[in-house]
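Worksheet: one structure, shown below.
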Amino acid sequence: MKPVNVGICGLGTVGRGTYQVLTRNAKEIARRAGREIRISHIGMRKPNLEFDFTGVEINTDIFAIAKDPKVDIVVELIGGCETAFDLVMVAIEHGKHVVTANKALIAEHGNEIFEAAQKKGVMVEFEAAVAGGIPIIKAIREGLTANRIDWLAGIINGTGNFILSEMRDKGRSFIDVLAEAQEKGYAEADPTFDVEGIDAAHKLTILASIAFGIPLQFDKVYTEGISHISAQDVTFAEELGYRIKHLGIARRTKAGVELRVHPALIPESRLLANVNGVMNAVMVHGDAIGPTLYYGSGAGAEPTASAVVADIVDLVRTLTIDPDHRVPHLAFQPNCLSDMPILSMDEVNTSYYLRLEVLDQPGVMANIARILSELDISMEAILQKEPQVKGSEVAIILLTRQVQENQMNKAIAAIEALDSTLGEVVRIRVESLEG
Ligand code: HSE
């Protein structure tokens, strides 16, 4: 059979990783795909002297690659949303199958892209967009296809997990670890995407869609990052038997779907609490299988390339299949997506860790307990730290039972309004993640 020609657009971290894996494992991959996969074209802005590109057409115009009749599969690895969107749409228009690692593109424009691809009878694959090398899209879309998915929760930003792990284990500063994550090629071009939770929100949008059969709705994800997590909270959480992790959570409830990304305390005995460094892990709960866990490298050149190349091989196999009988982009048939409502964060039920600085004087704890009791909020644990100077200020840590976020917001506002409360209450959600 004639080789399949692949055009790689973008030779950054993931592009270089893809080039390396595809060339190094070419024979093994061809044995699996049943055909030789040839990198026929590479689109890049600046010349790259790292590799020997003999036999590859190099072009600074990526759109020329998307239109070239010799190219069978276009691999979009330029990142960002604007040019990447145009490139993917041009490739589709020219009848090319597409592989992308671009979570922002899929989360924000996927509905439009898949519609165009569907009309044209081509596929757009995006395994590398979520959790780096972990085949989580394939697992949910195909492996768990018999299940009604109840919820999923995961550590889906490698940079954020690397920062939290290094802060906890080595007491390193946030800024210092972030610089190392950038150096290692884990972080996004704009690292605020990692630390403010946007990258995780993109990934959660995609996971929720394929888990529940709903359209991609990035704008409805509640998004909070890790930039406000202090070393103090990491230590207090440990004293209470928890670890702080940044989680993406999607849960089906009777009222609608929870879509939320935020730091959370997890009991230290849970597997997810022990996922460290750049590793990602996603728990998926299906009605038939119960809890399942997927673990692996969440970022980096070759782990991400592993997913890109797997998508290329899938497409090579797809080339001969009738377009109406392919695995649907969002796991469910396009005309069978549901319009389940997405809940606002106020409607979500969860438990809380609260840390507050208060004056060290009688009656303070009683007032806080009264506020919580009036709002029907039960306490799970209380920790009061020794004041540094007797009679000055003191830190109080509270763990609550489950309550609606709306009630918790009222409680926090009332506690902050007390004369004895100094500054803002720190709130981190607590997730028990029981199977
Ligand atoms: N910046 C991302 C992360 C890269 O750290 O997880 C992988 O998507």
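Order of listing sets the numbers, starting from 1, for every ligand and every atom in it.
Of all the heavy atoms of Thr159, the ones lying under 4.0 Å from any atom of ligand 1 are found in both the backbone and the side chain. At a heavy-atom cutoff of 4.0 Å, ligand 1 is contacted by the side chain of Asp199 but not by its backbone.
Shown in contact with Lys203 at under 4.0 Å from a heavy atom are these atoms of ligand 1, numbered in order with element: 2 (C), 3 (C), 6 (O), 7 (C), 8 (O). Near Asp194, with a cut-off below 4.0 Å to any heavy atom, the atoms of ligand 1 are 1 (N), 2 (C), 3 (C), 5 (O).
Residue Lys103 has at least one N or O atom closer than 3.5 Å to an N or O atom of ligand 1.
Classified by interplanar angle (parallel below 30°, tilted 30° to 60°, perpendicular above 60°), the ring pair His202/Phe193 is tilted. His109 and Phe85 have tilted rings, their planes meeting at an angle from 30° to 60° on a 0 to 90° scale.
Distance from atom 2 (C) of ligand 1 to its nearest protein heavy atom, with residue and atom name: Glu188 OE2, 3.1 Å. When hydrogens are left out, the protein atom nearest atom 6 (O) of ligand 1 is Gly158 N, 2.7 Å; that is the closest non-hydrogen contact. Remark: minimum distance from atom 7 (C) of ligand 1 to any protein heavy atom is reached at Gly298 O, 3.3 Å.
Both the sub-6.0 Å distance and the 45° axial angle are satisfied by Arg141 relative to the ring of Phe126.
Checked by atom type and distance alone, the side chain of Glu127 pairs as donor or acceptor with a backbone atom of Ile136 at under 3.5 Å. Not a single donor-acceptor pair under 3.5 Å links the side chain of Lys96 to the backbone N or O of Val88.
A ring-centre distance under 6.0 Å is found for Tyr19 and Phe51.
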